[in-house]
2 protein chains.
Amino acid sequence: MTQESRPGGTRRGRRNEPGRRDTIIDACLDVLAREGVAGTSHRKVAAQAGVPLGATTYYFDGMDGLLHEAFTRFATSISDRFERRMTAAEDLDAAREAVVAIVLEDVFGDDRDLVLSHELYTLAARKPAFRAITSAWMARSRAALERHFDAETTRMLDALIEGLTIHRALDAEPRDPGEVRAAVARITRASGLQH
Amino acid sequence: MTQESRPGGTRRGRRNEPGRRDTIIDACLDVLAREGVAGTSHRKVAAQAGVPLGATTYYFDGMDGLLHEAFTRFATSISDRFERRMTAAEDLDAAREAVVAIVLEDVFGDDRDLVLSHELYTLAARKPAFRAITSAWMARSRAALERHFDAETTRMLDALIEGLTIHRALDAEPRDPGEVRAAVARITRASGLQH
DNA sequence: CCAATATGTGGACGCTCGTACACATATTGG
DNA sequence: CCAATATGTGTACGAGCGTCCACATATTGG
């Protein structure tokens, strides 16, 4: 059993906390959501995670490395949810309704996800290294959509989802769910695959 | 006639350069496009504009004030172009084609505008003060679209434009112009106003 | 049980940052 | 022509930043 030489005091030297990296990544996402990329620093992440400053540079390759892992985790989790929704849909109408649910519930439901998405897009627009994350995310979304829609419709739909999401974020008043449904209907009209 | 006491040397005291504020705002946009909000500082803007550091705090109310004016100028100029395109269109088909041109030429044509848009959106997603800028921008775009399309279609189209733009930015390969045209056609099918 | 090693930390270094303000000079009013 | 004022600037301050590394300690191998 592990004994602490100075219980309650500052411990130095070797430790055994396997979840450390994970804790730091999650803390990084918290800070990102709260302060944005601009306001995220090693020190703030360390404080949020409850680890010493040195740990954030020890486990990750600079700030960019940390951001990369954090946003990868974020994009993957959003992507998972998207895929689950689309896979669960059994026919074309269910697929359309799944898209509506994604727009209305998944992204709009949570300010945090929305803000994080924007931060990631902005970073990706500037740094190619982060574009790999958004590309993978988009590729997965499209693959999921293509279970139900043809390739062209999929790309249009993907763009529409994005646009509806963004505008919802910047709009003051809430959007009519019926309108989202109608927009999805227009884009996907007669463009389904056989099931 | 204005005489300089120390020609070629450092000048202090009262000066008469009315374009100073403008110069600084433009320089700020340059820095923003190059380095992002995160990397923009008074010093960098001052260097870019060729003015002393003090000038950037003298003419503007802190960094936020400067950012606000810079992004206002940016959004207004994009918005002008949008409005001009839509106003020039004389019938429904021309309006559809104008939208395609906006997507393909205006936004995608210039990486700088794209990056600046993202930076602004991200800021707006986090700070309400900047949301006023994006709201005004969106309101103008919609008003311009409503010259040709009904209100519901306008909102859908606005979102679609946004989404196509964003995805174009993050996509590696160029998008087929025909597909943009097709997407616009689907959304606007039988939704025009009388002219 | 004792080296050797792996693991992690605290603190320091050099930098950039935003802001504030004493002061220098151009302009203006009398 | 001279005070008074408007206009702008140089500089300094304190804070926060990323990164680095000597070192402390837990673990392991012999």
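The sequence lines fix the lettering, A, B, ..., with proteins before strands; numbering per chain opens at 1.
The pairing partner recorded for C/dC15 is D/dG16, the criterion being a Watson-Crick or G-U wobble arrangement whose two distances lie under 3.5 angstrom. Pairing for D/dG10 is with C/dC21, a Watson-Crick or G-U wobble pair whose two hydrogen-bonding atom distances lie under 3.5 Å. Look at C/dA26: its Watson-Crick or wobble partner, with both distances under 3.5 angstrom, is D/dT5.
Checking A/Asp80 against A/Ser77 by side-chain atom types alone, no donor-acceptor pair falls below 3.5 Å.
Of all nucleotides listed (D/dT7, C/dT19, D/dG18), C/dT19 comes nearest to the side chain of B/His42. Taking every side-chain heavy atom of B/Leu53 into account, D/dT11 is the closest of D/dG18, D/dT9, D/dT11. Relative to the side chain of A/Lys44, the nucleotides C/dC17, D/dG8, D/dC17 differ in distance, and D/dC17 lies closest.
OP1 or OP2 of C/dC17 lies within a sub-4.0 Å distance of a side-chain N or O belonging to B/Ser41. Taking side-chain N and O atoms only, A/Arg21 has no distance below 4.0 Å to OP1 or OP2 of C/dG8. For the OP1/OP2 pair of C/dG8 and a distance below 4.0 Å, the side-chain nitrogens and oxygens of A/Tyr59 include at least one atom meeting the criterion.
Taking only distance into account, the side chain of B/Arg43 meets the base of C/dG18 through a donor-acceptor pair shorter than 3.5 Å.
When the P atom of D/dC17 is taken as reference, atom CG of A/Leu66 falls 14 Å away, rounded to whole Å.
B/His68 and B/Phe130 have tilted rings, their planes meeting at an angle from 30° to 60° on a 0 to 90° scale.
Take the nearest nucleotide of DNA chain C for A/Gly54 and for A/Tyr58: the residue whose nucleotide is more 5' is A/Tyr58.
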* Asked: A/Thr153 and A/Thr188: side chain to side chain donor-acceptor pair (under 3.5 Å), yes or no, with the steps?
  -> CA-CA 6 Å; A/Thr153 300; A/Thr188 65; over 6 Å; no
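With hydrophobic clusters built from ILVMFWY side chains whose heavy atoms lie under 4.5 angstrom apart, A/Val115 does not share a cluster with B/Phe71.
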